[in-house]
Amino acid sequence: MTTSPVRVRFAPSPTGFLHVGGARTALFNWLFARSRDGQFILRIEDTDRKRYHPQSLQDILDSLRWLGLDWDEGPEVGGPYGPYFQSQRLPLYQEWADWLVAQGKAYHCFCTAAEVEAMRQTQRDQQGAQGYDRRCRWLTPEERAARQAAGHSSVIRLAVPLQGAVTFHDAIRGDITFNNKELQDAVLLKSDGWPTYHLANVVDDHFMAITHILRGDEWLSSVPLHWHLYQAFGWQPPVWAHLPVILNPNGQGKMKKREIVQADGTIVPVYVHSYRQAGYLPDALFNFLCGIGWALDGETEIYDRETALAAFDIAKVQASPGAFPAEKLEWMNGVYIRQITHEALRHALLPHLSQAFGVPVETLAADERLRLLIPDLHERLKKLTDAPALIGFLFAGDIAIANPEDLIPRNTTREQARQALTAAAGMLAGLESWTPDSIEGALRALIADLNLKPGQVFGPMRVAITNQAVSPPLFSTIAAVGRETIVARLRQAAALLAA
RNA sequence: GCCCCCAUCGUCUAGUGGACUAGGAUGUCAGCCUUUCAAGCUGAAGACAGGGGUUCGAAGCCCCUUGGGGGCACCA
């Protein structure tokens, strides 16, 4: 049906960091473009000078790249339809706004922001119609000229048709109709000469030859306005597809712009960089984001980019809003962590461990104990930042067991625990072969000698060695940590119980 | 208040009139494994919002109700 090459854009506003919702929009655009052999354009909509946030641009760029969403045209890569910052295209918007005025399709409005706000307030009080009452639309040429001569500042508003309706087609939702009487004479050009979203968006999409607009559902109600703009300009509108909004994890309301504290106290981050920092893998987040509003085949949950690309179909995107399934992301990230090699995991872990323990990355990279423990760590992580809590004992110089009772498992006496620790220390001090297997063999023999159960010996040892209730498996931990430290810690703990 | 969109297990979803006693995943619970925690394996509970139509036949089409969401800026 579409003969021209597909060109889509992701058009964030640099007013904040890249949100997972925005990332999902970018992802679907990217998927659509790449699966249709088209172009993915990144355009920065920086026309809001009040909310401009200087760090957000870099964050958006970094986050998109981290997710692997590369753009064909846009910031830092250029392209034939540039510039890709709206702040650098101001004359274009002014020119076309003036053109609309000259054509009688738009008009200067001299009302101040305060006047318009007052208007709105009155209407709200009376529960009547909403918005600007169009008083400047009916000004005579003389009145207009007089105000202009008096130096009154003005905005340019679109003169939308007062009657009739507009019906447009959405690639996900089908035909949608709005009555023109519900529409506003929206501001196109602000009094400072900068364009609003509506104008800039339509002008840019046209001159950048955008063929499809995939964006959030929250834009659906501004389509009729844009449609009339295309009409006024005499331009061919693109194909619209409105993606379902992502709701808060509890399903209530559009996903918040700042981190979400759930009822149980757990925190759900909303920025892509937060997930990056928290040790999520980009492939996992990519895969996960694909699954909000779209499904590969209804069966397969774990799939790579190529697979997604081969199957992606915009018409199969869900129309209904959906909650952000945070727990599923946890699980999925664990799956992706388990898929990488031990060595890859070790490297990925270094910065996180460095930060957690204040040890230089180079030192950690050379740490043989860490290397030995990676395989046992591997299947215990949902995210990279889970690692420090599991292996803190490697970097604690001295272990201080706060409560000696922690060394005593249930169904075990204090004396039994002390005996077990002492015996294990003595045995390990003289053990010839120092491997997980030999350690295990010797310890099991010891258990039989002492006539105790595994848990009665391993439990105290775990606490004595790691000062943690949860740790990687004992035998490899012992092997990794080294004889001297192990024996010392066991004896120290035994002494604690003797006291 | 007005307009628009939407409606399948708690959650993400499969389903495009008959293969639906509604499938997968996550989460939950139970069992196995087991030195803790994970991972893994096995099993269980768990949904077509309600009511009318249309049809031989409806989760899927139409209408109404209800519920949810979005929008109504010189923000995007």
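These numbers were taken from a predicted model, which means no experiment stands behind them. Proteins come first, then strands; the chains are lettered A, B, ... in the order of their sequence lines, and each starts at number 1.
In this structure a side-chain-to-backbone donor-acceptor pair under 3.5 Å is present from A:Gln456 to A:Asn411. Using a distance-only test at 3.5 Å, with no hydrogens or angles considered, no donor-acceptor pair links the side chain of A:Glu45 to the main chain of A:Gln86. When atom types are taken as modelled, the side chain of A:His212 and the backbone of A:Pro238 share no donor-acceptor pair closer than 3.5 angstrom.
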What's touching nucleotides 47-50 of chain B from the protein side, N or O pairs under 3.5 Å?
none

Between the protein and nucleotides 28-30 of chain B, which nitrogen or oxygen pairs are less than 3.5 angstrom apart?
none

Between the protein and nucleotides 62-65 of chain B, which nitrogen or oxygen pairs are less than 3.5 angstrom apart?
none

Identify all pairs in which a protein N or O lies below 3.5 Å from an N or O of nucleotides 7-9 of chain B, and state each distance.
none

Report, one pair per line, the protein and nucleotides 43-46 of chain B atoms (nitrogen or oxygen only) whose separation is under 3.5 Å.
none

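In terms of phosphate contacts, A:Arg462 brings no side-chain nitrogen or oxygen within less than 4.0 Å of OP1 or OP2 of B:C37. Note on A:Lys190: a side-chain N or O is less than 4.0 Å away from OP1 or OP2 of B:C75. Within the 4.0 Å cut-off from OP1 or OP2 of B:A14, not a single side-chain nitrogen or oxygen of A:Lys316 is found. A close approach under 4.0 Å does not occur between any side-chain nitrogen or oxygen of A:Arg173 and OP1 or OP2 of B:C4. Remark: A:Arg444 is in phosphate contact with B:U35, judged by side-chain N or O atoms under 4.0 Å from OP1 or OP2. Look at A:Thr47 and you'll find a side-chain N or O under 4.0 angstrom from OP1 or OP2 of B:A76.
B:U36 is unpaired under the criterion used here, namely a Watson-Crick or G-U wobble arrangement in which both key atom distances are under 3.5 Å. Shown here, B:C2 forms a base pair with B:G71; the pair counts as Watson-Crick or G-U wobble because both key distances fall under 3.5 Å.
Taking 3.5 Å as the limit, the base of B:G24 and the side chain of A:Glu301 contain a donor-acceptor pair of atoms between them. Judged by distance alone, with hydrogens and angles left aside, A:Arg51 brings a side-chain donor or acceptor within reach of the base of B:C75, the pair sitting under 3.5 Å.
Cation-pi geometry between A:Arg24 and A:Phe28 is met: the NZ or CZ atom falls under 6.0 Å from the ring centre, inside 45° of the normal.
The side chain of A:Leu220 lies closest to B:C5 when the candidates are B:C5, B:G27, B:C2. Comparing atom distances between the A:Leu247 side chain and each of B:C12, B:A76, B:G69 picks out B:G69 as nearest. Side-chain proximity of A:Trp331 to B:C74, B:G27, B:C37: nearest is B:G27. Closest to the A:Pro325 side chain, of the nucleotides B:U11, B:C74, B:C75, is B:U11.
Comparing A:Arg24 and A:Ser471 by the nucleotide of RNA chain B whose heavy atom lies nearest to each, the residue mapping closer to the 5' end is A:Arg24.
The ring pair (Phe, Tyr, Trp, His ring centres under 6.0 Å) test applied to A:His53 returns A:Phe17, not counting sequence neighbours.
Annotation: B:C2 and B:U65 have their P atoms spaced 13 Å apart (nearest Å).
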